[in-house]
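Below is one structure, written out as structure tokens; the observations come after it.
Sequence lines set the chain letters: A, B, ... in the order given, protein chains first and strands last, and positions in each chain run from 1.
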Amino acid sequence: MKFPTLHSWDLSPKEAIALQKELAQQIDVERPLKKCALIAGADCSYNRFSPTFYAAVVVLRTSDWSIVEAQGVIGESPFPYIPGLLSFRETPIVLQAFAKLEHRPDAIMCDGQGFAHPRRFGLACHLGLWLGIPCFGCAKTRLTGDHDEPGSNAGAVAPLHEKGEHIGNVVRTKNKTKPVYVSPGHLIDLNSATQWTLESSCGYRIPEPTRQAHLHVNQMRLQDTSEPEV
DNA sequence: GCGACAG
DNA sequence: ATCTTGTCGC
């Protein structure tokens with residue numbers, strides 16, 4: 001896959017925040033996703049005290065959830081983990097994995113927030129803007145916003161609000177298990193993101209795209225002989 | 001000042 | 001994110 005360079009990743013935390021505020025103005029979270037034959041999942045993995053980073057993207061066929069393609073990259077992250085600035089830590093390497101992709105997915109599911117972010121510019125917004133592909137976030141825990149507990153059965157949804165704004169949905173993907181936090185990133189609306197989250201939750205709490213990407217990066221990390229096993 | 005805080 | 005065994009519940 002090819003995509004243009006939008007900006008440098010060599011930034012200080014203050015510069016990163018300024019850039020988020022600037023790029024957030026370009027985000028489109030109103031567009032319903034019409035066609036989605038191929039959906040990609042992206043994820044990262046790493047050791048506690050090693051700078052080595054593993055990123056993977058897996059492309060799935062939505063008709064039967066079979067894996068069409070998987071690409072991974074091993075590198076180092078130039079940015080520390082700071083709540084609210086996760087995209088500056090993970091996106092540079094994730095983009096390298098997308099660059100190796102031969103298939104162009106119709107949508108992308110990220111392991112983190114999209115619009116449900118303090119500055120409305122989470123990981124999924126940033127990745128979607130770079131790639132120009134509909135992208136949304138499916139996080140395992142909350143970053144910001146308030147909500148009621150969704151019903152206890154799969155399919156239950158509760159709105160995530162902040163300052164009077166509907167920024168995402170808390171979605172129960174499996175009976176009696178913790179819900180996930182869904183929000184649009186770019187070129188997709190909240191309803192489409194929520195529907196595809198439920199559609200791809202094949203009996204697990206984590207939807208198939210992100211679940212497969214997670215399995216993939218973990219395989220990469222455990223098979224990397226250049227890293228000292230703890 | 002205090003508490004919260006994606007991965 | 002990662003470190004970790006068994007265990008309670010459906």
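- Between A/Lys176 and C/dG9, a side-chain N or O to OP1/OP2 separation shorter than 4.0 Å is absent.
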Could you walk me through whether A/Arg31 and A/Asp189 pass the salt bridge (charged side-chain N to carboxylate O under 4.0 Å, His left out) test, one step at a time? CA-CA 5 Å; A/Arg31 189 174 309 194; A/Asp189 65 8; over 6 Å; no
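- Salt bridge annotation for A/Arg172-A/Glu149: present, with a cationic side-chain nitrogen under 4.0 angstrom from a carboxylate oxygen.
- Nearest to the side-chain atoms of A/Asn218 among the listed nucleotides C/dT2, B/dG7, B/dA4 stands C/dT2.
- One interatomic measurement links the two molecules: CD1 of A/Ile93 to P of C/dA1, which rounds to 15 Å at whole-angstrom precision.
- Whole-Å rounding puts the A/Ile206 CD1 to C/dA1 C1' distance at 14 Å.
- One finds a side-chain N or O of A/Tyr81 lying less than 4.0 angstrom from the OP1 or OP2 phosphate oxygen of B/dA6.
- Closest to the side chain of A/His214, out of C/dA1, C/dC3, B/dA6, is C/dA1.
- In this structure, A/Gly84 reaches the bases: a heavy-atom distance under 4.0 Å links it to at least one base atom across the strands shown.
- Taking the six-membered ring for Trp and thresholds of 30 and 60 degrees, A/His126 and A/His7 have ring planes inclined between 30 and 60 degrees apart.
- Residue A/Arg89 places no side-chain N or O under 4.0 Å from the OP1 or OP2 atom of B/dA6.
- Listed nucleotides B/dG7, C/dA1, B/dC5 differ in distance to A/Arg48; the shortest reach to its side chain belongs to C/dA1.
- In this structure, A/Leu123 places its CG atom 18 Å from P of B/dC5, rounding to the nearest Å.
- Considering only side-chain N and O atoms, A/Arg142 lies nowhere under 4.0 angstrom from the phosphate OP1 or OP2 of B/dA6.
- The distance between atom CD of A/Gln113 and atom C1' of C/dA1, rounded to the nearest whole Å, is 15 Å.
- Taking only side-chain nitrogens and oxygens, A/Ser45 comes nearer than 4.0 Å to OP1 or OP2 of C/dT2.
- Contact between the side-chain N/O atoms of A/Ser87 and the OP1/OP2 oxygens of B/dA6 is not found at any separation under 4.0 Å.
- Aromatic pair A/Phe115/A/His186: centroids not less than 6.0 angstrom apart.
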